[in-house]
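In each ligand, atom 1 is the first atom listed, and ligand 1 is the first ligand listed. All values reported here derive from a predicted model rather than from experimental measurement.
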Amino acid sequence: MSELRPPAAPRRHLLAIGDLDSVDVERILETARALAASLDREVKKLPTLRGRIVVNLFYESSTRTLASFELAAKRLSADTMSLRSAGSSVDKGESLKDTALTLAAYDPDVIVIRHPSIGAPQLVARNTDAHIVNAGDGKHQHPTQALLDLYTIHAALGRLEGVHVAVVGDVLHSRVARSLVQALRIVGARSTLVGPPTLIPRGIEALGCEVSTDIATIGDADVIYVLRMQAERMAAGEAFVPSLREYTAEFGVTPERVRPGQVVMHPGPMNRGVEIDPRVADSDVALVADQVRAGLVVRMAVLYDLVVERPASASGTTVDVSGEGEFFPALAGSSHGEVS
Ligand code: CP
């Protein structure tokens, strides 16, 4: 008689922030905080993903996301491969599906993908056995950006629940705004999207946010989150504002529009002098560098969370990277969780 086995758990992905609930978000943020502490050590590398393969597949430009995923995988001792569409066989007409099938032949554990088309990460998930992380698909989702933003807000304000975030600018073309609004809702924070009516998608309130076309609304917020004007997602000749100069005059975040006690965030890359005044970008209230730093530990935490199996009963919020406990199962037997 054949042995009855429980069905294998489906391979987990991070395709959208909605894949996570509040317990998942808290677990990942707590892991990231523990990892941040581990990075203060002299030897910064952990053996957690030794022998694993992480592929970064980027069909769109990136500085922060690609660099931080690559470093995150290396800090966890994974073998990494980074492919950009330019210079790969995409130039010769290879489809995303064929590229995914080709990479699948190397048995990667994780594929991190950025693509201009909505749904590209789902296509790769259907055609490989890897865990897939969406590093940005069109104007749809950028879940790890939302997680690093939550991490940064919590580090700056000491809380997430009840925090009010005003997201200002080109919401229409922004995957960052969509992911962040949903992430804020998951943790009990409030969000208001602010911008000209042409740059606020109709019906976006369904995501659980408020909407305003009055820049003065940002005065009510704890956090002013500035979005870039995404010219690359606008068709040639398409105009959403009368001119950049007028947009800056009406919606640019200037020192005069930031009240004491507020902090300012921007996912980058910034267009200084357009959506954000350089005096704000370079001030003490700007958390832009903190966001970049958070990107490393949060992406380490996401890789860890996807790859390392957790016991079914684990609530997952107990974190110990002191070297005495066994927070990272892969570290069991390793004195300080460092690569020897
Ligand atoms: N915030 C962000 O996604 O930046 P990059 O485009 O540089 O990765």
If you measure only the distance, is there a donor-acceptor pair under 3.5 Å linking the side chains of H142 and R114? yes
Can you list everything that forms a ring-ring contact (aromatic ring centres under 6.0 Å, His included) with F58? Sequence neighbours excluded, please. none
Could you go step by step and tell me if I111 and N56 meet the side-chain contact (heavy atoms from CB on, under 4.5 Å) rule? CA-CA 6 Å; I111 298 178; N56 296 309; over 6 Å; no
Does the pair L172 and F240 meet the rule for a side-chain contact (heavy atoms from CB on, under 4.5 Å), with working shown? CA-CA 10 Å; L172 184 65; F240 291 88; 3.3 Å; yes
Please test V302 against D305 for side-chain contact (heavy atoms from CB on, under 4.5 Å), starting from the C-alpha separation and ending with a verdict. CA-CA 5 Å; V302 166; D305 200 75; 5.6 Å; no
Do S68 side-chain atoms and T65 backbone N/O form a donor-acceptor pair below 3.5 Å? yes
Between ligand 1 and the protein, tabulate every N or O atom pair separated by less than 3.5 Å, reporting distance only.
{"from": "ligand 1", "atom 1": "1 (N)", "to": "Q145", "atom 2": "OE1", "distance (Å)": "3.0"}
{"from": "ligand 1", "atom 1": "1 (N)", "to": "P267", "atom 2": "O", "distance (Å)": "2.9"}
{"from": "ligand 1", "atom 1": "1 (N)", "to": "G268", "atom 2": "O", "distance (Å)": "3.3"}
{"from": "ligand 1", "atom 1": "3 (O)", "to": "T65", "atom 2": "OG1", "distance (Å)": "3.0"}
{"from": "ligand 1", "atom 1": "3 (O)", "to": "R114", "atom 2": "NH2", "distance (Å)": "2.9"}
{"from": "ligand 1", "atom 1": "3 (O)", "to": "H142", "atom 2": "NE2", "distance (Å)": "2.9"}
{"from": "ligand 1", "atom 1": "4 (O)", "to": "R64", "atom 2": "NE", "distance (Å)": "3.1"}
{"from": "ligand 1", "atom 1": "6 (O)", "to": "R114", "atom 2": "NH1", "distance (Å)": "2.9"}
{"from": "ligand 1", "atom 1": "7 (O)", "to": "T63", "atom 2": "N", "distance (Å)": "2.8"}
{"from": "ligand 1", "atom 1": "7 (O)", "to": "R64", "atom 2": "N", "distance (Å)": "2.9"}
{"from": "ligand 1", "atom 1": "7 (O)", "to": "R64", "atom 2": "NE", "distance (Å)": "3.1"}
{"from": "ligand 1", "atom 1": "7 (O)", "to": "R64", "atom 2": "NH2", "distance (Å)": "3.1"}
{"from": "ligand 1", "atom 1": "8 (O)", "to": "S62", "atom 2": "OG", "distance (Å)": "2.6"}
{"from": "ligand 1", "atom 1": "8 (O)", "to": "T65", "atom 2": "N", "distance (Å)": "2.9"}
{"from": "ligand 1", "atom 1": "8 (O)", "to": "T65", "atom 2": "OG1", "distance (Å)": "2.6"}
{"from": "ligand 1", "atom 1": "8 (O)", "to": "R114", "atom 2": "NH1", "distance (Å)": "3.4"}
{"from": "ligand 1", "atom 1": "8 (O)", "to": "R114", "atom 2": "NH2", "distance (Å)": "3.4"}

